[in-house]
Amino acid sequence: MCGLLKRDELDHIDIGFSMLPKYHGQGYGYEAASQVLKLAKNQFGIKSICAITLLINKPSIQLLEKLGLSYQKTVKPFDDDEELLLFAKDL
């Protein structure tokens with residue numbers, strides 16, 4: 001799954017993705033997310049994109065960096081008070 005979401009807790013549109021474990025590391029996340037970013041820019045006119053992930057989710061962090069998003073700061077956007085890493089990119 002890969003898509004865009006506007007969360008009230010974040011300033012920009014959020015790109016999110018999730019895959020079943022047996023499909024990790026096969027390039028599907030990059031392929032899907034890079035196409036979603038193209039749509040965000042070219043069809044929807046989105047100027048900036050962000051993403052959040054758990055501090056321990058190394059594969060997600062690596063994918064976000066491969067997509068050109070950069071670490072911005074640590075945030076606690078939800079009521080559960082869990083710290084997440086916020087990444088962002090201008091499109």
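On a predicted model such as this, the values are computed, not experimentally measured, just so you know.
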Kindly indicate, with the supporting measurements, whether the criterion side chain to side chain contact (heavy atoms under 4.5 Å, CB included) is fulfilled by Leu5 and Ile15.
CA-CA 6 Å; Leu5 180 65; Ile15 185 167; over 6 Å; no

State, with a plain yes or no, whether a side-chain heavy atom of Pro77 is found less than 4.5 Å away from one of Leu84.
yes

I'd like to know if Val75 and Ile56 are part of one continuous hydrophobic network [Ile/Leu/Val/Met/Phe/Trp/Tyr, side-chain heavy atoms within less than 4.5 Å].
yes

I need the Ile46 CD1 to Lys89 NZ distance, nearest 0.5 Å.
13.0 Å

Side-chain contact, heavy-atom cut-off 4.5 Å: Ile52 with Phe87?
no

Is there a side-chain contact between Ile61 and Leu85, using heavy atoms and a 4.5 Å cut-off?
yes

To the nearest 0.5 Å, how far apart are SG in Cys2 and CG in Leu37?
7.5 Å

Under 4.5 Å between side-chain heavy atoms, hopping through other hydrophobics if needed: is there a path connecting Ile13 to Leu86?
no

Please determine whether the number of non-hydrogen atoms from other residues, nucleotides or ligands lying under 6.0 Å from atom NZ of Lys6 exceeds 12.
yes

Applying salt bridge (Lys or Arg N to Asp or Glu O under 4.0 Å), can you list everything that pairs with Asp79, at least two apart in sequence or on another chain?
none

Within the 4.5 Å heavy-atom criterion, are Asp11 and Cys50 side-chain neighbours or not?
no

Okay, side chain of His24, backbone of Met19: is any donor-acceptor separation there less than 3.5 Å?
yes

Heavy atoms of other groups near Glu9 CD, more than 12 under 6.0 Å
yes

Those residues at least two apart in sequence (or on a different chain) that pass salt bridge (Lys or Arg N to Asp or Glu O under 4.0 Å) with Lys41 are none

Measuring only between side-chain heavy atoms, which start at C-beta, is Ser60 closer than 4.5 Å to Leu54?
no

Please say yes or no: joined through hydrophobic side-chain contacts below 4.5 Å, possibly via intermediate residues, are Ile49 and Leu39 part of one cluster?
yes

Looking at residues at least two apart in the chain, or sitting in another chain, which of them share a side-chain contact (heavy atoms from CB on, under 4.5 Å) with Asp80?
Phe78, Glu82

CD/Glu31 to OH/Tyr28 distance, rounded to the nearest 0.5 angstrom?
8.0 Å

Over 12 foreign heavy atoms within 6.0 Å of OH, Tyr71
yes

CE of Met1 to OG of Ser18: how many Å apart, nearest 0.5 Å?
5.5 Å

Could you walk me through whether Lys47 and Leu91 pass side chain to side chain contact (heavy atoms under 4.5 Å, CB included), step by step?
CA-CA 5 Å; Lys47 305 278 186 223; Leu91 299 180; over 6 Å; no

Looking at side-chain heavy atoms only, is the closest gap between Leu4 and Val36 below 4.5 Å?
yes

Are any side-chain N or O atoms of Gln72 and backbone N or O atoms of Ser70, one a donor and one an acceptor, separated by less than 3.5 Å?
yes

Enter the distance from Phe17:CZ to Leu64:CG here, rounded to the nearest 0.5 Å.
4.0 Å

